[in-house]
Amino acid sequence: MAQKPSIPKGTRDFTPQEVAKRNFIFDIIKTEFKKFGFQAIETPSFENSDTLMGKYGEEGDRLIFKILNSGDFLKKADESAYADKDSLKLTPSISEKALRYDLTVPFARYVVQHQNEIDFPFKRYQIQPVWRADRPQKGRFREFFQCDADVVGSDSLWQEVEFVQLYDSVFSALKLDGVTIKINNRKILSGFAEVIGEQDKLIDFTVALDKLDKIGEDGVVKEMLAKGIAEEAIEKIKPIFGLQGDFAEKIEALKSILSTSEAGLKGIEELEFIQNAISEMPLKTAKLDLDVTLARGLNYYTGAIFEVSAPEGVKMGSIGGGGRYDDLTGIFGLKNMSGVGISFGLDRIYLVLEELNLFPEAVADDVKVLFVNFGEKEALYAFKGVNALRAEGINAEVFPDSAKMKKQMNYANKRNIPFVILAGDEEMAAGEYTLKNMKTGEQDRLNLKDIIAKIA
RNA sequence: GUGGAUGUAGCUCAGCUGGUUAGAGCGCUGGAUUGUGGUUCCAGAGGUCGCCGGUUCGAACCCGGUCUUCCACCCCA
């Protein structure tokens, strides 16, 4: 114990209370996923580097945790790269595996490898940790859980509709009111770029546009100019900065802005389809909003783009995201396989629920009964009682040591155990137990059958 | 990866322009109370002042580095 132990930056230990709360969220998400017909799969924590590298852009490659080769890895190291101190070039020769960065790319790999056993359309969910070598901040960790649901093998826009409903169902079940499901369409963004004649700068354009609510119109214009987008082009697109009104009104405005873009009009059509369906089947608590500045997500989105933001007033990045990718599995050699999916950020949802005080009081499946230990004979009698309760599915335990009464009661109190059972000579002689309600303080001498009836 | 703030007991924090033995509240342990917890009273334990180095007669305090947490950027769940 010379040194204080510690854990790596951006990782966390979870206490029993925290685990109980996390499981509360997991259980709800899982229940809804299953309700919507998704099946669970799991993939390894680490993949071959070539499976992951290059799939998330240059920035993504930097954030992937690489695993050093086992054994004498320097023997196979690229000598010229090593001599030049060129880390980027050296890495592939000393690292062949890497920790999973998200669940979507491993899923694509899974679909390609198992294509002959899968019945399409395939609806899968996956709840596993992912790792990113990011700099931690609030709600940003280097190890965190993603909860993904995706469908591959169907172009139907009904899938998008269903995902909006799935988001709504999960957040309603969590009692997290006031979330906004923001939706956009990649085709609309392409349409913007097309209308202003800057197709080749689509990425720069969308990245800048995405920052509108953060840096304002002037900031966006400045960034676009810096990226080499022509001033008259920006002038032409300015109407989208001030898009107001409800979903339908925004759609109407977009129709005139994008009237000359085939892709843009297609995107509008898709959004209208989703909106019409949702208006026929209103959401329970969430709000669906069209946000044309929504441009984030990986470059592989081709249709719908989703992002869920926490209720107003909660300072938190997005708590979910997703979208349609027409050629997800193409990079692994399986063409024409359209996919669409969404993700829930468990760790961020946790922080939001905590901040809004939305965890139910009795979230933990704690022990319900503690048997006080008075000594050898009494302990055996207590154990017979505890066995009977456990057989009825009641969480119960016997205090292991014949410690002072105060200590045992204190233990029950601290652990929030609602009932304590005491049994000494008198009870044993009568074949009964004294049941004490820790909240009200009242106690009764009862036999086991009555105790079970009372607390089950 | 860039820039900025932060770190004192298990927790929340005091600690003066550098000056003996670093404090409080809560929590913890024991007792008042040997079959009754939460309240009260009494006593006690617990700290290499994040870590390493430097300046100084002397450092929790000043300087440098490093790590952690947090904030902004980048990016994202």
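Just so it is clear, the values below take in all heavy atoms, side chains as well, and ignore hydrogens, waters and symmetry mates. Residue numbers begin at 1 in each chain, while the letters A, B, ... track the order of the sequences.
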*Among the candidates B/rU36, B/rA77, B/rA72, find the nucleotide nearest to the side-chain atoms of A/R135.*
B/rA72
*Taking NZ from A/K214 and P from B/rC75, how many angstroms apart are they, rounded to a whole number?*
9 Å
_Sugar-phosphate, base or nothing in reach of A/F141, heavy atoms under 4.0 Å_ = base
*Describe the nucleic acid contact of A/Q443 in one word from base, sugar-phosphate, nothing, applying a heavy-atom distance below 4.0 Å.*
base
_Can you confirm whether A/F241 sits close enough to A/V221 that some side-chain heavy atom of one is under 4.5 Å from a side-chain heavy atom of the other?_
yes
_Base, sugar-phosphate or nothing for A/S318? Non-hydrogen atoms, less than 4.0 Å._
sugar-phosphate
*To the side chain of A/R140, which of B/rA77, B/rG37, B/rU68 is closest?*
B/rA77
*Do the side-chain N or O atoms of A/Q137 get closer than 4.0 angstrom to the phosphate oxygens (OP1, OP2) of B/rA72?*
yes
*B/rA59 pairs with which nucleotide, Watson-Crick or G-U wobble, both distances below 3.5 Å?*
none
_Taking pairing as Watson-Crick or G-U wobble with both contacts under 3.5 Å, can you name the mate of B/rU2, or confirm there isn't one?_
B/rA72
*Under 6.0 Å from the CD atom of A/E42, do we count more than 12 heavy atoms belonging to anything else shown?*
no
*Is the closest side-chain heavy-atom distance between A/K35 and A/E32 below 4.5 Å?*
yes
*Name the residue closer to the 5' end of RNA chain B, choosing between A/G345 and A/N437 according to the nucleotide with the nearest heavy atom.*
A/N437
*Under 4.0 Å between any heavy atoms, over every strand shown, what does A/N410 touch: base, sugar-phosphate, or nothing? Just pick one.*
sugar-phosphate
*If you check every side-chain atom of A/K138, which of B/rC71, B/rG35, B/rC76 has the closest atom?*
B/rC71
*What is the distance, rounded to the nearest whole Å, between atom CD of A/E223 and atom P of B/rC73?*
12 Å
*Provide the distance between the two P atoms, one in B/rA60 and one in B/rG53, to the nearest whole Å.*
14 Å
*Would you mind reading off the distance between A/D401 atom CG and B/rU34 atom P, rounded to a whole angstrom?*
19 Å
_Without decimals, in angstroms, what is the distance between A/R132 CZ and B/rC76 C1'?_
6 Å
*Within this structure, what is the CZ-to-C1' distance between A/F419 and B/rG38, rounded to whole angstrom?*
17 Å
*Which of the following nucleotides, B/rC75, B/rC76, B/rU29, is nearest to the side chain of A/K414?*
B/rU29
*With the side chain of A/P136 defined as its heavy atoms from C-beta on, choose the nearest nucleotide among B/rA77, B/rU36, B/rC70.*
B/rC70
_B/rG18 to B/rA59 separation - P atoms, rounded to the nearest Å_ = 13 Å
*Tell me what A/G60 touches on the nucleic acid: a base, only sugar-phosphate, or nothing, going by heavy atoms under 4.0 Å.*
nothing
*Looking at the side chain of A/K406, which of B/rC75, B/rC70, B/rA32 is the nearest nucleotide?*
B/rA32
*Tell me whether the OP1 or OP2 atom of B/rC74 has a side-chain N or O from A/K211 closer than 4.0 Å.*
yes
*asked:* If you count every heavy atom of other residues, nucleotides or ligands that lies below 6.0 Å from A/E354 atom CD, does the total exceed 12?
replied: yes
*Would you check, one step at a time, whether the test side chain to side chain contact (heavy atoms under 4.5 Å, CB included) holds for A/E378 with A/S402?*
CA-CA 9 Å; A/E378 295 89 339; A/S402 160; over 6 Å; no
*asked:* Taking the P atom in each of B/rC74 and B/rU8, what is the distance between them to the nearest angstrom?
replied: 31 Å
*Which value, in whole Å, describes the distance between the C1' atoms of nucleotides B/rA72 and B/rC63?*
26 Å
_B/rG35 versus B/rU29 - spacing of their C1' atoms, nearest Å_ = 23 Å
*Donor on one side chain, acceptor on other, A/S80 and A/D78, under 3.5 Å*: yes
*Is there a Watson-Crick or G-U wobble partner for B/rG10 with both distances under 3.5 Å, and which nucleotide is it?*
B/rC26
*Nearest-nucleotide pick for A/K404, side chain only, options being B/rC75, B/rC76, B/rG30*: B/rG30
*Distance, rounded to the nearest Å, where A/E143 contributes CD and B/rC76 contributes C1'*: 17 Å
*Can you tell me, in whole Å, how much space there is between the C1' of B/rG4 and that of B/rU68?*
16 Å
*When we call it a touch if two heavy atoms are under 4.0 Å apart, what does A/G322 touch: a base, just sugar-phosphate, or nothing?*
nothing
*asked:* Would you say A/K407 places a side-chain N or O within less than 4.0 Å of OP1 or OP2 belonging to B/rU29?
replied: no
_Between B/rG65 and B/rC61 - P atom distance, rounded Å_ = 16 Å
*Gap in Å between the two C1' atoms, one belonging to B/rC28 and one to B/rU12, rounded*: 16 Å
*Base, sugar-phosphate alone, or nothing: which one does A/E427 contact when heavy atoms must sit under 4.0 Å apart?*
base
*asked:* For the aromatic rings, using the six-membered ring if either is Trp, is the centroid distance between A/F33 and A/F344 under 6.0 Å?
replied: yes
*A/L370 CG to B/rU36 P: how many Å, rounded?*
16 Å
*Closest to the A/K436 side chain, choosing from B/rG38, B/rU36, B/rU69*: B/rU36
*With sugar-phosphate meaning primed atoms plus P, OP1 and OP2, does A/D425 contact a base, only sugar-phosphate, or nothing at under 4.0 Å between heavy atoms?*
base
*Between B/rG35 atom P and A/K377 atom NZ, what is the distance in whole Å?*
14 Å
*asked:* Using heavy-atom distances to pick each residue's nearest nucleotide on RNA chain B, tell me which of A/E59 and A/R348 is more 5'.
replied: A/E59
*Can A/F144 be said to stack with the base of B/rA77, given centres closer than 5.5 angstrom and planes under 30 degrees apart?*
yes
*asked:* Looking only at the side chains, is there a donor atom on one of A/D150 and A/Y125 sitting less than 3.5 Å from an acceptor on the other?
replied: no
*So which nucleotide does B/rU66 pair with, by the Watson-Crick or G-U wobble rule with both distances under 3.5 Å?*
B/rG50
_Modelled atom types, side-chain donor and acceptor of A/Q199 and A/S190, under 3.5 Å_ = no
